[in-house]
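First comes the structure, then the notes that go with it.
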Amino acid sequence: MEVFQNIATGFSIAITPMNLVLCLVGCFVGTLIGVLPGIGPAATIALLLPVTFKLPPATAIIMLSGIFYGAMYGGSTTAILVNIPGEAASAITCIDGYQMARRGRAGPALGMAAFGSFMAGTLGVFLLMLIAPPVAELALKFGPPEIFAVMVLGLTILSYLSSGSLIKAFTIAIVGLFVGMIGIDIAGIYRFTFGIPDFFDGIGLVPVLMGLFGVAEVLLNLEQIITRQVFDTRIKGLLPSREDWKCSAMPILRGSFIGFFMGVIPGPSNTISSFVSYAMEKRLSKTPERFGKGAIEGVAGPESANNSACAGNFIPVLTLGIPTSAVMAVIVGAFIIHGVTPGPLLIKNNPDIFWGTIASMYIGNFMLLILNLPLIGIWVRVLKVPYGILFPLILLFCFVGAYANNNSLAELNVMIFFGLVGYLMKKTGFEPAPLVMAYILCPFLEEAFRQSLIKSHGDFSIFIKRPISAAILALAAGIIVLNVFSGVKQRRKSLLEKI
Amino acid sequence: MNREKITGIFLLGLGLAVFLKSLTYPLGTFRRPGGGLFPLIASVLLMGLSALLTLQAFREKEVDPSSQSAFFPEKAAPRRILLGFAGLLAYRYLLPVIGFAASTAVFIFFLSRFLGRYSWVMSVVFAAITAVVSFYLFQVWLKIPMPRPYFGI
């Protein structure tokens with residue numbers, strides 16, 4: 001089998017001492033920022049990007065991806081012990097994880113979260129390894145209309161899945177498109193730059209992210225004087241019992257598949273897939289009343305889903321060159337800085353990067369299991385840092401990250417502006433995710449749109465005349481049309497309320 | 001005027017502004033689309049959607065529950081939010097004047113004294129440690145080229 005031969009080469013790259021050490025560094029930093037609420041993987045990767053300049057590209061990508069999936073491990077610790085999500089993707093774990101901790105079962109909850117993450121992470125990487133190469137082959141046949149259709153479908157699904165009103169989700173996605181249009185367009189025209197030179201290259205992703213997620217989040221928290229209570233018992237018995245395993249085996253398996261395939265869809269799929277997994281486990285359970293009162297399935301399923309979603313996230317980047325989440329947008333930036341173009345040709349042209357990274361993910365997941373079980377004590381101590389100390393540091397981190405992106409003070413203005421925007425959006429019921437996704441996809445979307453029209457000599461029917469793009473667009477239209485009927489609308493609402 | 005109506009009208013205005021602005025860019029033809037076409041289509045979509053939002057808000061049939069709650073959860077909130085923003089803006093404008101280490105110290109002190117409610121001594125110590133550590137971490141070790149201060153270190 002060709003795959004095994006390739007992965008063997010991958011391992012030979014991943015186990016060189018430097019790659020092993022930097023994989024460990026990535027996983028460690030990932031767990032740390034996962035444990036700390038308010039600092040996300042996208043921001044961290046952006047901040048550490050300059051450190052990787054002198055490294056070979058494969059090593060850089062290995063370390064940066066370690067931060068990403070490491071954060072998913074760390075997030076659950078905070079959710080279980082403090083009842084606040086360390087990462088957005090762990091929000092749902094709070095419900096049953098914290099209840100387990102209150103009932104003296106913090107150990108098994110943490111243990112199952114780590115084991116579930118490990119198994120799902122490994123399974124996710126395995127699926128990524130099998131699926132990415134053939135999808136890349138297929139993607140070579142995609143023309144601009146198909147790529148346009150895929151992105152429209154992605155944005156539609158994302159809007160459909162974000163909480164609150166569907167119209168609001170679409171509206172804010174279009175506002176995101178406007179943000180993405182700022183700068184020089186593909187034909188060299190200055191658009192919406194207001195004559196400010198710093199805007200000519202477009203609005204930087206990092207300041208937008210730091211503003212919308214970092215600053216806005218801190219401001220929301222600042223409204224009240226918060227006292228956090230770390231669950232203060234000795235954590236004992238990290239190994240789940242046989243009974244726990246029986247309850248969790250299927251949720252972990254289902255969560256892995258949900259996570260992986262939702263990971264392919266644009267948006268914060270780590271978060272969304274964990275919600276979907278929770279809702280599914282609750283529905284399938286014979287004893288749904290246990291959920292919310294410390295059911296271990298409610299920890300195992302979502303924590304597995306958010307980990308395998310990390311692997312799924314890599315599919316669109318490695319096969320189409322399109323980032324489908326904020327983290328992936330930063331990783332695409334890392335690829336480009338190192339002179340590698342992500343896309344359908346990546347696997348063929350840079351097999352060392354592709355297979356080396358895949359192999360390192362197997363190793364990284366194993367490292368994370370050790371970092372998060374025997375060494376759990378470190379993270380508990382990190383958690384005891386009070387918020388009064390933490391929030392100035394989070395803001396400082398956002399500040400430096402936004403500045404270091406381009407070493408420009410204008411980026412800081414952008415960050416503060418988007419902090420205000422993000423705060424007001426939360427207050428008026430708009431989700432930040434569709435805005436960010438539309439903003440990231442905007443240049444790709446517009447290019448595909450314009451190239452399609454050039455290709456068809458101005459005939460809009462090109463989008464529906466080609467079978468693949470027609471089918472994808474029909475699916476997107478179907479989602480919107482279905483929602484007009486009140487029955488489905490109610491169902492969506494109840495689905496979103498339940499989770 | 002409730003929040004929903006203001007949001008709807010604001011977004012309608014935004015759509016209109018983008019619409020008018022994109023008319024000033026070359027629209028091209030459908031055969032050779034120019035830089036103005038895509039924003040134009042997007043702004044028309046935004047105007048449509050925000051008109052729908054505004055209409056909903058005025059009919060008040062389907063009110064989003066998130067906008068039902070009070071804008072600020074408690075009385076001290078607006079003051080704390082303003083202080084937070086003031087701190088960020090001050091940091092941004094002090095940075096090029098007194099340099100990274102000094103402005104970081106001021107920023108951290110301000111936040112922990114006035115928002116974190118720590119004592120003067122605690123805040124000073126915390127600010128000093130953070131400033132020194134972050135100076136060595138970011139400026140010396142990670143070599144982020146911080147703006148050259150007019151005076152200070």
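Letters A, B, ... are given to chains in the order of the sequence lines, protein chains preceding strands, and every chain is numbered from 1. Computed from heavy atoms alone, side chains included, the values below leave out hydrogens, waters and symmetry copies.
- Minimum heavy-atom separation, A/L396 to B/F107: N-CE2, 4.2 Å.
- With respect to the salt-bridge test (charged N to carboxylate O, under 4.0 angstrom), the residues A/E411 and B/R92 do not qualify.
- By the 4.5 Å heavy-atom criterion applied to side chains, A/V400 and B/S134 are not counted as neighbours.
- A/I416 and B/L88 get closest at one heavy-atom pair: CD1-O, 3.7 Å.
- The neighbour count for A/F200 CZ, taken as heavy atoms of other residues, nucleotides or ligands under 6.0 Å away, is above 12.
- Here A/R191 pairs with A/E446 under the salt bridge (charged side-chain N to carboxylate O under 4.0 Å, His left out) rule; sequence neighbours left out.
- In this structure a side-chain-to-backbone donor-acceptor pair under 3.5 Å is present from B/R80 to A/L222.
- For B/I41, the part sitting under 4.5 Å from any heavy atom of chain A is the side chain, from C-beta outward, and nothing else.
- Contact record, B/Q56 with A/I167: NE2-CD1, 3.6 Å, taken as the closest heavy-atom pair.
- Between atom NZ of residue A/K168 and atom OG of residue B/S50 there is a gap of 12.5 Å, rounded to the nearest 0.5 Å.
- Atom-to-atom distance recorded for A/L177:CG and B/L46:CG is 9.5 Å, nearest 0.5 angstrom.
- When all heavy atoms of B/P39 and A/F178 are compared, the pair lying nearest together is O-CE2, 4.2 Å.
- Around CZ of A/F417, the count of heavy atoms belonging to other residues, nucleotides or ligands within 6.0 Å does not exceed 12.
- Going from atom CG of B/L49 over to atom CD1 of A/I172 covers 11.0 Å, rounded to the nearest 0.5 Å.
- A/Y403 places a side-chain N or O within donor-acceptor distance of the main-chain N or O of B/P145, the cut-off being under 3.5 Å.
- For B/Y25 and A/F192, the ring centers sit closer than 6.0 Å to each other.
- Atom CZ of A/F397 sits about 9.5 Å away from atom CG of B/L137, to the nearest 0.5 Å.
- To the nearest 0.5 Å, the span separating OG1 on B/T104 from CZ on A/F399 amounts to 8.5 Å.
- Environment of OH in B/Y136: sparse, with no more than 12 heavy atoms of neighbouring residues, nucleotides or ligands closer than 6.0 Å.
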Report task. Evaluate side chain to side chain contact (heavy atoms under 4.5 Å, CB included) for A/F430 paired with B/L11, printing each intermediate quantity in order. Result -> CA-CA 12 Å; A/F430 287 94; B/L11 289 169; 3.8 Å; yes
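- Interface residue B/S43: backbone and side-chain heavy atoms are both found under 4.5 Å from chain A.
- With a 4.5 angstrom heavy-atom cutoff, B/Y91 touches chain A via backbone and side-chain atoms both.
- Of the atoms belonging to B/L83, not a single heavy atom falls under 4.5 Å from chain A.
- Put simply, of A/L412, A/V175, A/N407, A/L395, the one with the most heavy-atom pairs under 4.5 Å next to chain B is A/N407.
- Minimum interatomic distance between A/L219 and B/I81 (heavy atoms only, all atoms of both residues): O-CD1, 3.2 Å.
- Contact detail for B/L111 and A/P392: the closest heavy-atom pair is CD1-CA, 3.8 Å.
- Counting heavy-atom pairs closer than 4.5 Å to chain A, the top-ranked of the candidates B/L37, B/T7, B/L89, B/V18 is B/V18.
- Interface check for chain A: of the options B/G15, B/G8, B/A42, B/G87, the most heavy-atom pairs under 4.5 Å are formed by B/A42.
- Neither the backbone nor the side chain of A/V218 comes within less than 4.5 Å of any heavy atom in chain B.
- When each of A/L393, A/D459, A/L420 is scored by its heavy-atom pairs under 4.5 Å with chain B, the top score falls to A/L420.
- Note: A/Y387 OH to B/L115 CG = 10.5 Å, rounded to the nearest 0.5 Å.
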